[in-house]
Amino acid sequence: QVHLVESGGGLVQPGGSLRLSCVVSGPTLAAHATGWFRQAPGKEREGISCINRSDGTTYYAESVKGRFTISRDNAKNTIYLQMNSLNPEDTAVYYCATDPDWYYSGDVPNPHDFTSWGRGTQVTVSS
């Protein structure tokens with residue numbers, strides 16, 4: 001059974017930074033694609049950054065490209081999302097997710113393609 005726990009969310013001023021972490025228990029992280037999604041009030045869950053299990057290819061949504069960086073530490077079974085230059089539009093609940101079969105080949109990640117999810121961590125960007 002896969003268990004994911006996010007941490008690192010909080011309240012930050014516009015222009016600030018946060019680093020989210022997600023500890024994955026169960027499978028070997030290297031055998032799973034991993035990703036970060038977010039859901040703002042009244043909006044659908046969207047994929048913002050994902051990383052392939054095999055070749056490390058990454059995906060970033062246009063809204064976060066150049067500001068967010070996804071990484072993973074396979075030895076610690078942990079994935080990270082470094083978020084810089086945050087703005088109020090980044091306010092959302094952030095979720096990490098894994099899947100043994102998903103592979104980024106150019107399509108926008110669909111949340112339905114990821115099988116295991118954390119419970120989320122709130123990120124609020126406000127002055």
Side-chain angles (χ1 to χ4, degrees):
Q1 186 174 357
V2 184
H3 188 56
L4 295 83
V5 179
E6 303 97 336
S7 62
L11 173 64
V12 63
Q13 292 186 341
S17 299
L18 284 174
R19 188 176 83 152
L20 305 183
S21 300
C22 176
V23 179
V24 181
S25 302
T28 300
L29 192 59
H32 281 62
T34 55
W36 288 95
F37 295 75
R38 69 184 181 187
Q39 188 165 18
K43 294 188 177 181
E44 294 186 352
R45 191 169 299 188
E46 63 168 336
I48 55 173
S49 186
C50 300
I51 185 167
N52 279 345
R53 67 182 185 277
S54 56
D55 59 12
T57 300
T58 55
Y59 161 85
Y60 292 96
E62 286 298 321
S63 59
V64 306
K65 197 173 291 184
R67 300 188 297 124
F68 291 10
T69 303
I70 189 172
S71 62
R72 68 184 181 193
D73 186 333
N74 291 339
K76 295 182 178 180
N77 252 33
T78 301
I79 59 174
Y80 304 96
L81 185 68
Q82 178 66 43
M83 307 187 295
N84 299 327
S85 301
L86 286 162
N87 58 63
E89 290 69 39
D90 296 315
T91 295
V93 178
Y94 284 69
Y95 301 88
C96 64
T98 67
D99 187 86
D101 297 321
W102 184 86
Y103 188 84
Y104 176 57
S105 57
D107 295 329
V108 174
N110 186 328
H112 297 291
D113 291 334
F114 284 74
T115 52
S116 300
W117 292 83
R119 299 184 67 176
T121 185
Q122 176 70 47
V123 172
T124 302
V125 185
S126 175
S127 56

Could you go through residues 35-48 and list every donor-acceptor pair under 3.5 Å that involves a side-chain atom there, pairing it with any protein atom two or more places apart or in another chain?
residue, atom, partner, partner atom, Å
Trp36, NE1, Tyr80, O, 3.2
Arg38, NE, Glu46, OE2, 2.8
Arg38, NH1, Asp90, OD1, 2.9
Arg38, NH1, Tyr94, OH, 2.9
Arg38, NH2, Glu46, OE2, 3.4
Arg38, NH2, Ser63, OG, 3.4
Gln39, OE1, Arg45, NE, 3.3
Gln39, OE1, Arg45, NH2, 3.4
Gln39, NE2, Lys43, O, 3.1

Where [X] and [Y] come nearest, the two heavy atoms and their spacing:
X     : Y      : result
Ala33 : Trp102 : CB-O, 3.4 Å
Arg67 : Asn87  : NH1-ND2, 3.5 Å
Leu81 : Ser49  : CD1-CB, 4.1 Å
Val2  : Ser116 : CB-OG, 3.5 Å

Checklist entry - Is Phe114 reachable from Tyr104 through a run of hydrophobic residues whose side-chain heavy atoms are each under 4.5 Å from the next? => result yes

Checklist entry - Would a hydrophobic clustering, with Ile, Leu, Val, Met, Phe, Trp and Tyr connected at side-chain separations under 4.5 Å, put Tyr59 with Trp117? => result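 Yes.
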
Is it true that a side-chain atom of [X] and a backbone atom of [Y] form a donor plus acceptor pair closer than 3.5 Å?
X     : Y     : answer
Asn52 : Ser54 : no
Ser85 : Gly15 : no
Arg53 : Asp99 : no
Asp73 : Thr78 : no

Checklist entry - Does any pair with a residue in residues 94-127 pass disulfide (SG to SG under 2.5 Å), and if so which ones, sequence neighbours excluded? => result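 Pairs touching residues 94-127 that pass the test: Cys22-Cys96.
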
Do the non-hydrogen side-chain atoms of [X] and [Y] ever get within less than 4.5 Å of each other?
X      : Y     : answer
Leu29  : Thr34 : yes
Thr69  : Tyr60 : yes
Met83  : Leu20 : yes
Leu86  : Phe68 : yes
Thr28  : Asn74 : no
Pro111 : Tyr95 : no

Next on the checklist: Under the criterion side-chain hydrogen bond (donor to acceptor under 3.5 Å, both in side chains), I'd like the reasoning laid out for Thr57 against Asp55: C-alpha separation, chi angles, the key distance, then a yes or no.
Outcome noted: CA-CA 6 Å; Thr57 300; Asp55 59 12; 2.9 Å; yes

Looking at [atom1] of [X] and [atom2] of [Y], how far apart are the two atoms once the value is rounded to the nearest 0.5 Å?
X     : Y     : atom1 : atom2 : answer
Ile51 : Thr98 : CD1   : OG1   : 13.5 Å
Arg72 : Ser21 : CZ    : OG    : 15.5 Å
Ile70 : Gln82 : CD1   : CD    : 12.5 Å

List the atom pairs, with distances to 0.1 Å, where a side-chain N or O of residues 118-127 and a protein N or O form a donor-acceptor pair under 3.5 Å, not counting sequence neighbours.
residue, atom, partner, partner atom, Å
Thr121, OG1, Gly9, N, 3.2
Gln122, NE2, Ala92, O, 3.4
Gln122, NE2, Thr124, OG1, 3.3

